[in-house]
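Notes for the one structure printed next.
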Amino acid sequence: MSDVMLRLEGLERIYNKGLPGEVQVLRGASLTVHAGESVALVAPSGAGKSTLLHLAGLLDTPDAGSVEIGGTVMTGLSDRRRTIARRRDIGFVYQFHHLLPEFSAAENIILPQLADGVARADAAARAQSLLAEVGVADRASHRPAALSGGEQQRVAFCRALANRPRLLLADEPTGNLDPGTSDQVFEALMRLVRGEGLAALIATHNMELAARMDRVVRLENGLLA
């Protein structure tokens, strides 16, 4: 059985297709990411990193090519099947944490588990375990506004992994933090990725952080190398 968790084959994405101002962002991008592997995605500004992550995360559909997750081709599936796959197989982390402000750190991690049918006691235990892994267990009862930027992002990492996804996609996850905090938060993220055995595709402009991942791929002129 293959350990390829994410396979992108010949992805093309064209905005304003057939209209004035048509822009082709991806021109046949292909990539494989294996279980347990962390891959840094680097690119010049505006080259299409976010577009690629949206396609890989089933938030958008390519104009050509295919997306395969865990051996299942997702391209062409119904919206319902894609929604289920996003909830169960994929964890997302963004530059800004997007935590729900009215809920505590622990509750932000518990809620997606409840939506997936996990018992509250089990969801709470999972939340506490994840928060401890990234060093903020003592902040579990605090709402996002009472947390520092680094703490908020650590909680966002935990929320992304709450439902035990097989694939993590992150778009500049430390881009909103100062260099010292960025380094600490990145280490917390990598502990989670390695501890959970995830396949991870992480977009970053920080080449020092990229070099600490298993592999670096560059997106340029619509292709990956």
Side-chain angles (χ1 to χ4, degrees), residues 5-6 33 35-38 53-54 56-59 69-70 72 74 79-177 181-203 213:
M5 190 54 60
L6 173 67
V33 183
E37 182 183 30
S38 60
L53 289 173
H54 285 170
L58 311 181
L59 295 170
I69 296 175
T72 299
M74 299 293 175
D79 287 344
R80 178 177 177 276
R81 288 284 305 279
R82 289 162 62 87
T83 298
I84 292 171
R86 281 197 301 270
R87 187 174 71 233
R88 295 185 175 174
D89 294 330
I90 307 169
F92 297 93
V93 178
Y94 301 98
Q95 182 173 348
F96 298 97
H97 58 79
H98 299 301
L99 297 172
L100 298 173
E102 66 271 31
F103 294 100
S104 70
E107 288 167 341
N108 267 277
I109 303 165
I110 290 169
L111 287 171
Q113 297 180 77
L114 297 181
D116 203 36
V118 177
R120 176 170 281 275
D122 292 336
R126 171 73 170 162
Q128 199 63 31
S129 174
L130 288 169
L131 289 170
E133 183 66 26
V134 298
V136 291
D138 60 333
R139 310 292 279 169
S141 63
H142 291 69
R143 291 186 180 182
L147 304 175
S148 69
E151 288 170 339
Q152 291 170 344
Q153 198 65 331
R154 292 178 195 220
V155 175
F157 296 162
C158 295
R159 181 185 58 187
L161 301 190
N163 284 333
R164 304 180 190 275
R166 298 183 291 172
L167 171 66
L168 177 72
L169 301 173
D171 194 355
E172 300 284 359
T174 63
N176 195 42
L177 306 173
T181 303
S182 174
D183 186 74
Q184 295 172 3
V185 169
F186 177 78
E187 282 302 315
L189 175 61
M190 295 312 295
R191 281 199 304 274
L192 284 178
V193 167
R194 291 165 183 148
E196 299 278 324
L198 293 172
L201 179 60
I202 302 173
M213 295 185 229

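Because the structure is a prediction, the values reported are computed rather than measured. Only this structure's heavy atoms are used, side chains among them; waters, hydrogens and symmetry mates stay out.
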Shortest non-hydrogen contact between [X] and [Y], atoms and distance:
| X | Y | value |
| --- | --- | --- |
| Ala123 | Val118 | N-CG1, 3.8 Å |
| Cys158 | Leu131 | SG-N, 3.8 Å |
| Ala199 | Val33 | CB-CG1, 3.9 Å |
| Ala119 | Leu114 | C-CD2, 4.3 Å |
| Leu189 | Pro173 | CD2-CG, 4.1 Å |
| Ala160 | Val93 | CB-CG2, 3.7 Å |

Check whether any side-chain N or O of [X] sits under 3.5 Å from a backbone N or O of [Y] as a donor-acceptor pair, and report yes or no.
| X | Y | answer |
| --- | --- | --- |
| Arg82 | Leu58 | yes |
| Gln153 | Thr174 | no |
| Arg126 | Leu161 | yes |
| Asp171 | Ala203 | no |

Atom pair [atom1]/[atom2] of [X] and [Y] - distance to nearest 0.5 Å:
| X | Y | atom1 | atom2 | answer |
| --- | --- | --- | --- | --- |
| Asn108 | His98 | CG | NE2 | 12.5 Å |
| Met213 | Met190 | CE | CE | 6.0 Å |
| Ser104 | Leu99 | OG | CG | 10.5 Å |
| Arg154 | Leu147 | CZ | CG | 11.0 Å |
| Ile109 | Leu130 | CD1 | CG | 6.0 Å |
| Leu6 | Leu167 | CG | CG | 5.5 Å |

With sequence neighbours excluded, residues passing salt bridge (charged side-chain N to carboxylate O under 4.0 Å, His left out) with Arg88 |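 So Arg88 forms a salt bridge (charged side-chain N to carboxylate O under 4.0 Å, His left out) with Asp116.
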side-chain hydrogen bond (donor to acceptor under 3.5 Å, both in side chains) partner of Thr83, the single match among Arg80, Arg86, Arg87, Arg81 =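 The residue from Arg80, Arg86, Arg87, Arg81 that satisfies side-chain hydrogen bond (donor to acceptor under 3.5 Å, both in side chains) with Thr83 turns out to be Arg86.
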Contact check, side chains of Phe157 and Leu168, non-hydrogen atoms, under 4.5 Å =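 No - every pair of side-chain heavy atoms lies 4.5 Å or more apart.
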Only pairs at least two apart or in different chains count here, so list each salt bridge (Lys or Arg N to Asp or Glu O under 4.0 Å) that has a residue in residues 133-152.
->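 Listed by first then second residue: Arg139-Glu151.
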Test side chain to side chain contact (heavy atoms under 4.5 Å, CB included) applied to Ile110 and Phe103, step by step = CA-CA 10 Å; Ile110 290 169; Phe103 294 100; over 6 Å; no
Atom CZ of Arg191: over 12 foreign heavy atoms under 6.0 Å |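 For Arg191, atom CZ is crowded (more than 12 foreign heavy atoms under 6.0 Å).
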